[in-house]
Amino acid sequence: MAALTQVSAHTPTGGLAQRLPTAANDLRDDLDGFSRLETDPVADLDPWARDHLGDLVELGRRCPAALAGDQLLHTDVRADNLLIRASGEVVVVDWPHAGRGAPFTDALGLLVNAKLWDPAVDADALLDGHHPGDDDAVTTVLAGMAGYFLDAARKPAPEGLPRLRAFQAAQGAAALAWLRERW
């Protein structure tokens, strides 16, 4: 979390700022997954998500505004994109989706991954320790992430990535469980 807070403390300027996309634009369609699930429903959609689908669709549509910002973002933070050196220093790797946006975005992505591996982790306390005061925006983007993962998980696996859809389904379930806690 400290490493991601350091990353998000940077505001790209000049040519870099012009070349980096904003999360609000880049993730707009991705985080609208609940709209696609409403239009093209799946039989095994979580009952809580089904009961709250209208609200979840609305949250997904509000994601671009919640992601607004100019801080440096990785936008694909998971445990496998973090290396820990022998010194304890954390290095964030694999940056093809770098962008700009709200500073809590990467921390939120990492905490969804943490909830996948340990559902008991107090993600809200960890997030509040590094990004206090972003509750509404966090809930909005968390809903968008859950919708993205649940929608993506139902697609055919891309060639060469046979486990991707199962991983996305698990991430979606973890994000949805955390969203229910916050609700």
Report summary line: Leu20 and Pro12 have their tightest heavy-atom pair at CD1-CG, 3.7 Å

Query raised in the report: CD1 of Ile84: more than 12 outside heavy atoms within 6.0 angstrom?
Result: no

Query raised in the report: Under a 4.5 Å cut-off applied to non-hydrogen side-chain atoms, are Leu108 and Trp178 in contact?
Result: yes

Report task. Mind jotting down which residue pairs meet the salt bridge (charged side-chain N to carboxylate O under 4.0 Å, His left out) criterion with at least one end in residues 141-150? Sequence neighbours excluded, please. Result -> none

Requested in this report: Can you sort out the partners of Glu58 under side chain to side chain donor-acceptor pair (under 3.5 Å), two or more places apart, ordered by chain and number?
Outcome: none

Requested in this report: Group every Ile, Leu, Val, Met, Phe, Trp and Tyr by side-chain heavy-atom contacts under 4.5 Å, then state whether Leu116 and Leu127 land in the same group.
Outcome: no

**Report entry** Step-by-step side-chain contact (heavy atoms from CB on, under 4.5 Å) determination, Leu83 to Val90
**Finding:** CA-CA 6 Å; Leu83 301 177; Val90 175; over 6 Å; no

Query raised in the report: Counting N and O atoms only, with roles assigned by atom type, does the side chain of Gln71 sit under 3.5 Å from a partner on the main chain of Pro103, one being a donor and the other an acceptor?
Result: no

Query raised in the report: Sequence neighbours excluded, which residues qualify as side chain to side chain donor-acceptor pair (under 3.5 Å) partners of Asp32?
Result: Ser35

Query raised in the report: Is Asp134 reaching over with its side chain to a backbone N or O of Ala137, donor-acceptor style, under 3.5 angstrom?
Result: no

Query raised in the report: Tell me the salt bridge (charged side-chain N to carboxylate O under 4.0 Å, His left out) pairs involving residues 85-110, sequence neighbours left out?
Result: Asp70-Arg100, Arg85-Glu89

Report summary line: Residue set satisfying side chain to side chain donor-acceptor pair (under 3.5 Å) with Asp30, at least two apart, ordered chain then number -> none

Query raised in the report: Does the side chain of Val121 reach to within under 4.5 Å of the side chain of Leu126, using non-hydrogen atoms?
Result: yes

**Report entry** Heavy-atom donor-acceptor pair, Thr139 side chain to Asp136 backbone, under 3.5 Å
**Finding:** no

Query - Smallest separation among heavy atoms of Ala79 and Leu110, with atom names - result: N-CD1, 4.3 Å

Query raised in the report: Sequence neighbours excluded, which residues qualify as ring pair (Phe, Tyr, Trp, His ring centres under 6.0 Å) partners of Trp48?
Result: His52, Trp183

Requested in this report: Mind jotting down which residue pairs meet the ring-ring contact (aromatic ring centres under 6.0 Å, His included) criterion with at least one end in residues 87-130? Sequence neighbours excluded, please.
Outcome: His74-Trp95

Report task. Can you see which heavy atom on Ala98 is nearest to which on Pro21, and at what distance? Result -> O-CD, 3.5 Å

Query raised in the report: Which pairs pass salt bridge (charged side-chain N to carboxylate O under 4.0 Å, His left out) with one or both residues in residues 159-174, sequence neighbours excluded?
Result: none

Query - Nearest atoms (heavy-atom pairs only) where Phe34 meets Ala49 - result: CE2-CB, 4.4 Å

Requested in this report: Begin with the C-alpha distance, continue with both residues' side-chain angles, and end with the deciding distance and a verdict on salt bridge (charged side-chain N to carboxylate O under 4.0 Å, His left out) for Asp151 and Arg154.
Outcome: CA-CA 6 Å; Asp151 178 50; Arg154 64 193 182 144; 2.9 Å; yes

Query raised in the report: Are the side chains of Ser8 and Leu72 in touch, meaning some heavy atoms are under 4.5 Å apart?
Result: no

**Report entry** Minimum heavy-atom distance Arg28-Pro64, with the two atoms named
**Finding:** NH1-CG, 3.4 Å

**Report entry** Under the salt bridge (Lys or Arg N to Asp or Glu O under 4.0 Å) test, residues paired with Asp135 that sit two or more places apart
**Finding:** Arg182

Report summary line: Between Leu37 and Leu45 the two heavy atoms that sit nearest each other are CD1-CD1, 4.3 Å

Requested in this report: Any ring-ring contact (aromatic ring centres under 6.0 Å, His included) involving residues 131-162? Give me the pairs, sequence neighbours left out, ordered by first then second residue.
Outcome: none

Report task. Check the pair Leu142 / Thr140 against side-chain contact (heavy atoms from CB on, under 4.5 Å), numbers first and verdict last. Result -> CA-CA 5 Å; Leu142 180 59; Thr140 297; over 6 Å; no

Report task. Check the pair Leu176, Leu150 against side-chain contact (heavy atoms from CB on, under 4.5 Å), reporting the backbone distance first and the verdict last. Result -> CA-CA 9 Å; Leu176 194 62; Leu150 295 173; 4.1 Å; yes

Report task. Rounded to the nearest 0.5 Å, what's the gap from CG on Leu53 to CZ on Arg50? Could you check? Result -> 8.5 Å

Query - Cluster check Phe167, Leu82: I/L/V/M/F/W/Y, side chain < 4.5 angstrom - result: no

Report summary line: The single option from Leu67, Val141, Leu73 that satisfies side chain to side chain contact (heavy atoms under 4.5 Å, CB included) with Leu27 is Leu67

Report task. Supply the atom-to-atom distance Asp122 CG to Glu181 CD, rounded to the nearest 0.5 angstrom. Result -> 8.5 Å

Report task. Enumerate the residue pairs fulfilling side chain to side chain donor-acceptor pair (under 3.5 Å) with a member in residues 37-47, sequence neighbours excluded, ordered by first and then second residue. Result -> Asp46-Arg180

Query raised in the report: Could you give all pairs that pass the side chain to side chain donor-acceptor pair (under 3.5 Å) test and reach residues 14-24, with sequence neighbours left out?
Result: Thr22-Asn25

Query raised in the report: Can you tell if the side chain of Asp26 reaches within under 4.5 Å of the side chain of Thr75, non-hydrogen atoms only?
Result: no

**Report entry** Euclidean distance, Asp76 CG relative to Asn113 CG, rounded to 0.5 Å
**Finding:** 10.0 Å

Query - Heavy-atom side-chain proximity of Leu179 to Leu56 below 4.5 angstrom - result: yes

**Report entry** Lys115 (side chain) donor-acceptor with Ala177 (main chain) under 3.5 angstrom
**Finding:** no

